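Heads up, the thing below is written out as structure tokens.
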Amino acid sequence: MSKGTLYQKIIFTLLFLTMMPLLSVGYLGYEYFSSILEEKIVKSNTETIAQIQARLDSYITDVDSVAKTVANYGEFQLLVSEPHAENYLLYAQTQTFVAFSKLMILTHQDIQRITIVRKDLSRIDSMGRYLPTGGNLNKGKFARLLKLKKPTVLSPELGEQSRWVIPYVQSILDPENGQVIGAVIVDLDLQQIQDYLQDSKLLQSGFIVVKNNQGEEIYAPKNFNSEKLLAPSSKRDNYFLNRDGKKELVIHTTSSLSNWHINGVVPYQEISNQLQKTRNIVFLFALIIILAVGGVALFLRTYLVRPIQRLQTLMFDVESGNLAARSNFKRNDEIGKLGKSFNHMIEQLQQLINDIRVSRMNESQAKLLQKEAQYQALQARIAPHFLYNTLDSVSWLARDKGIREITAVVDSLAGMLRYSLDRSTPLVKVSEEYQHVLLYSEIIRFRTGDSIEFDFHIPDELLEQLIPRFTLQPLVENAVQHGLEPLGGKGKIRISAFVEEKHLFYEISDNGIGLEPEKIAELMMFLADRKDESPSYEKIGLANVHNRIRMTYGENYGLSIFENKEYGLTIQVKLPLASNLNYQKSEGIISKLTGSPAYNNLP
């Protein structure tokens with residue numbers, strides 16, 4: 001016994017006294033009882049899964065009833081077939097659809113939205129919104145929906161309010177010729193189905209996994225990889241799955257309504273835990289073996305436990321701060337190697353403490369360099385203020401010498417610089433942005449000799465609305481540089497604002513050289529996906545305004561570009577209409593920017 005490793009000594013003793021009888025008796029008993037128990041558990045869980053399938057089918061049945069009601073209702077069929085025209089009949093039909101949709105959503109909490117798709121791919125949703133076919137709409141997707149021959153459950157997709165939904169599609173047929181004239185889409189709230197499946201348990205820790213006919217997940221627990229499940233084509237209703245070294249029983253069934261594949265996964269450990277009789281038999285043998293192991297334990301205590309206790313005492317010394325503690329085992333087995341590893345660990349710990357001390361010194365030096373960088377950044381801010389004070393001095397000197405033109409342009413430039421230096425809030429009143437554009441127009445008039453005409457049409461009631469700082473002036477500057485200057489700097493720029501469908505729109509139009517439709521489409525594509533690797537200065541300016549608006553309000557807002565009636569170009573800015581303003585800047589700031597009352601220059 002003096003030769004060999006400690007591991008070999010323990011394994012040899014335990015195999016001889018315990019493993020052989022336990023393996024023999026335990027294997028026979030386990031096989032016998034587990035076969036009987038598995039049959040009972042499979043039958044019980046199959047019934048539970050059938051109840052879950054019936055519940056999932058009830059969701060589909062309810063949604064199918066709602067979809068068929070919409071598809072077969074006469075007024076909704078007219079709403080699909082008639083062209084979009086602003087008349088009372090279309091409005092009444094839309095309101096009827098909205099009222100019906102709200103009632104269905106209220107009485108069916110699992111329904112999130114109902115949408116009608118017309119044959120021209122335009123849509124009307126349950127909020128009464130007419131959704132166009134342009135923009136980023138996936139036309140191919142809705143075109144495929146109109147070709148479906150029967151009601152279909154689609155794959156999960158992200159719906160409104162960032163909630164996942166399962167679309168259910170029902171074709172709308174012309175009652176006279178039976179031709180498809182549209183489709184109704186009922187969005188089923190996936191979260192409610194997932195909550196129900198999450199609460200469904202098989203035994204204590206079993207769970208449900210649901211996949212559609214394309215193999216996409218409808219529901220699966222977070223820590224479960226459903227790709228390990230067998231494909232439905234294998235036609236195996238029950239089988240075993242090895243996952244992370246653990247055996248699991250899988251019970252499979254398929255819904256005839258939704259074609260969803262429902263899999264019940266039961267950890268085999270729970271099945272084995274119920275083998276009480278087998279455990280009792282093993283326990284009886286274990287009790288007998290314990291008596292034999294008692295003699296071995298006395299031997300192990302002397303040869304194994306005491307050295308480990310000695311090593312544990314050394315560890316307590318290290319915890320108390322004694323890094324001089326070392327083991328002195330004179331053995332070549334695992335205990336001796338463990339003692340050497342302990343000594344090596346203490347040496348590395350001492351080295352680590354030294355490294356941390358050096359690291360803290362370096363960190364202190366880094367903080368000092370950071371403060372120096374902050375000081376230099378504060379110094380760098382002196383330059384814009386120095387430029388502003390210099391412009392003030394030039395304005396005073398020109399006014400003193402009677403040069404009114406230079407005074408006006410310097411005052412305008414100083415006002416624009418003061419507006420640029422004000423970083424108190426990223427959102428300003430429309431009136432402030434309007435004053436900034438006025439200052440810019442004064443500079444342009446001075447430079448071009450009044451050859452460029454500026455026409456402002458901003459209603460007074462919109463002056464209190466909020467707008468991102470530097471939204472209008474860059475677009476006006478873009479119209480001057482790229483629209484009018486190529487024509488010799490002559491022309492007209494019109495800045496207007498209006499409200500439409502609870503949104504605020506600004507339009508900057510010029511009668512300059514304009515752009516070809518292909519160029520406009522290229523600009524819109526650049527604003528949408530920014531795939532141009534070397535954008536021009538014109539694109540960079542438009543993208544700057546467009547991206548700041550989208551970062552502030554969301555993906556539904558930003559710039560649109562199209563030709564106007566005078567051949568030039570129109571850039572439209574879409575913003576949300578604020579009903580409750582929370583604006584804390586005083587009216588005096590506008591006067592301070594321009595040196596005049598806030599609204600005395602408004603049309």
Side-chain angles (χ1 to χ4, degrees), residues 56-57 59-84 90 93-94 96-98 100-101 104-105 108 110-191 193 210-218 255-261 555-556:
L56 294 179
D57 287 346
Y59 283 110
I60 303 302
T61 302
D62 289 345
V63 173
D64 179 74
S65 176
V66 174
K68 281 186 170 56
T69 301
V70 175
N72 297 323
Y73 193 66
E75 288 192 21
F76 299 159
Q77 292 174 345
L78 292 176
L79 189 61
V80 174
S81 59
E82 290 184 354
H84 280 168
L90 182 61
Q93 292 168 350
T94 303
T96 302
F97 172 70
V98 171
F100 172 82
S101 300
M104 292 299 100
I105 293 174
H108 299 73
D110 51 329
I111 295 178
Q112 187 179 108
R113 186 176 67 167
I114 303 174
T115 304
I116 290 179
V117 181
R118 295 163 53 89
K119 199 167 185 179
D120 60 356
L121 302 185
S122 63
R123 296 163 289 154
I124 306 173
D125 67 0
S126 52
M127 297 178 62
R129 297 178 299 185
Y130 287 82
L131 307 177
T133 60
N136 296 325
L137 175 64
N138 188 343
K139 296 183 179 180
K141 167 187 172 182
F142 292 100
R144 289 192 296 271
L145 297 184
L146 296 179
K147 296 180 181 179
L148 295 176
K149 302 296 184 182
K150 59 182 181 179
T152 305
V153 180
L154 301 182
S155 301
E157 63 182 33
L158 192 62
E160 291 187 346
Q161 301 175 355
S162 299
R163 292 180 66 90
W164 283 92
V165 298
I166 299 177
Y168 182 87
V169 182
Q170 167 74 47
S171 298
I172 302 177
L173 305 179
D174 191 323
E176 295 181 2
N177 53 27
Q179 297 294 323
V180 176
I181 58 175
V184 56
I185 304 175
V186 181
D187 290 337
L188 184 61
D189 191 349
L190 179 59
Q191 185 63 46
I193 296 178
V210 180
K211 304 177 73 173
N212 62 15
N213 206 30
Q214 288 75 36
E216 299 172 325
E217 284 186 359
I218 302 300
S255 170
S256 59
L257 292 179
S258 61
N259 288 328
W260 288 349
H261 301 281
E555 300 293 328
N556 295 329

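This structure is a prediction, so every number in the text was calculated from the model and none was measured.
For Asp125, the salt bridge (charged side-chain N to carboxylate O under 4.0 Å, His left out) test picks out Arg129, with sequence neighbours left out. Scanning for side-chain contact (heavy atoms from CB on, under 4.5 Å) contacts around Gln191 gives Arg163, Asp189, Gln194, Asp195, with sequence neighbours left out. Considering only residues two or more places apart in sequence or on other chains, Asn177 meets the side-chain contact (heavy atoms from CB on, under 4.5 Å) condition with Asp174, Gln179. Among residues two or more places apart in sequence or in another chain, the salt bridge (charged side-chain N to carboxylate O under 4.0 Å, His left out) test is passed with Glu157 by Lys141. Qualifying ring-ring contact (aromatic ring centres under 6.0 Å, His included) partners for Tyr59, counting only residues two or more places apart in sequence or in other chains: none.
Not a single donor-acceptor pair under 3.5 Å links the side chain of Ser122 to the backbone N or O of Arg118. Proximity of a side-chain donor or acceptor of Ser101 to a complementary backbone N or O of Met127 within less than 3.5 Å is not detected.
A ring-centre distance under 6.0 Å is not found for Tyr73 and Phe100.
For the atom pair Ile60 CD1 and Ser255 OG, the distance stands at 7.0 Å (nearest 0.5 Å). Residue Ile105 holds its CD1 atom at 8.0 Å from CD of Gln112, rounded to the nearest 0.5 Å. To the nearest 0.5 Å, atoms CH2 (Trp164) and CD1 (Ile193) are separated by 14.0 Å. Note that the CE atom of Met104 and the CG atom of Asp110 stand 11.5 Å from one another [nearest 0.5 Å]. Expressed to the nearest 0.5 Å, how far OG of Ser155 lies from CG of Asn213 amounts to 9.5 Å. In this structure, the separation between CG on Leu188 and CG on Asp62 is 9.0 Å, given to the nearest 0.5 Å.
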task = Might you work through the side chain to side chain contact (heavy atoms under 4.5 Å, CB included) test for Asn212 and Leu154, ending with a clear yes or no?
result = CA-CA 9 Å; Asn212 62 15; Leu154 301 182; over 6 Å; no

inquiry  = Is there a side chain to side chain contact (heavy atoms under 4.5 Å, CB included) between Leu56 and Ser258? Walk through the geometry before answering.
reply    = CA-CA 9 Å; Leu56 294 179; Ser258 61; 5.9 Å; no

key: Trace of the side chain to side chain contact (heavy atoms under 4.5 Å, CB included) decision for Ile114 with Asp187   = CA-CA 6 Å; Ile114 303 174; Asp187 290 337; over 6 Å; no

Please tabulate, for the side chains in residues 63-72, all donor-acceptor contacts under 3.5 angstrom to protein atoms that are two or more places apart in sequence or on a different chain.
residue	atom	partner	partner atom	Å
Asp64	OD1	Lys68	NZ	2.7
Asp64	OD1	Tyr168	OH	2.4
Asp64	OD2	Lys68	NZ	3.0
Thr69	OG1	Ser65	O	2.8
Asn72	ND2	Lys68	O	3.0

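Between Ile124 and Phe97, the shortest heavy-atom contact is O-CE2, 3.8 Å. When all heavy atoms are compared, the tightest approach of Leu173 to Gly178 is CD2-O, 3.8 Å.
With contacts defined as side-chain heavy-atom distances shorter than 4.5 Å, the pair Leu121/Leu146 qualifies. Counting only heavy atoms from C-beta outward, the side chains of Val153 and Ile166 approach each other to under 4.5 Å.
Here the rule is side-chain contact (heavy atoms from CB on, under 4.5 Å) with Val184, and of Ile172, Leu145, Val169, Thr115 only Ile172 fits it.
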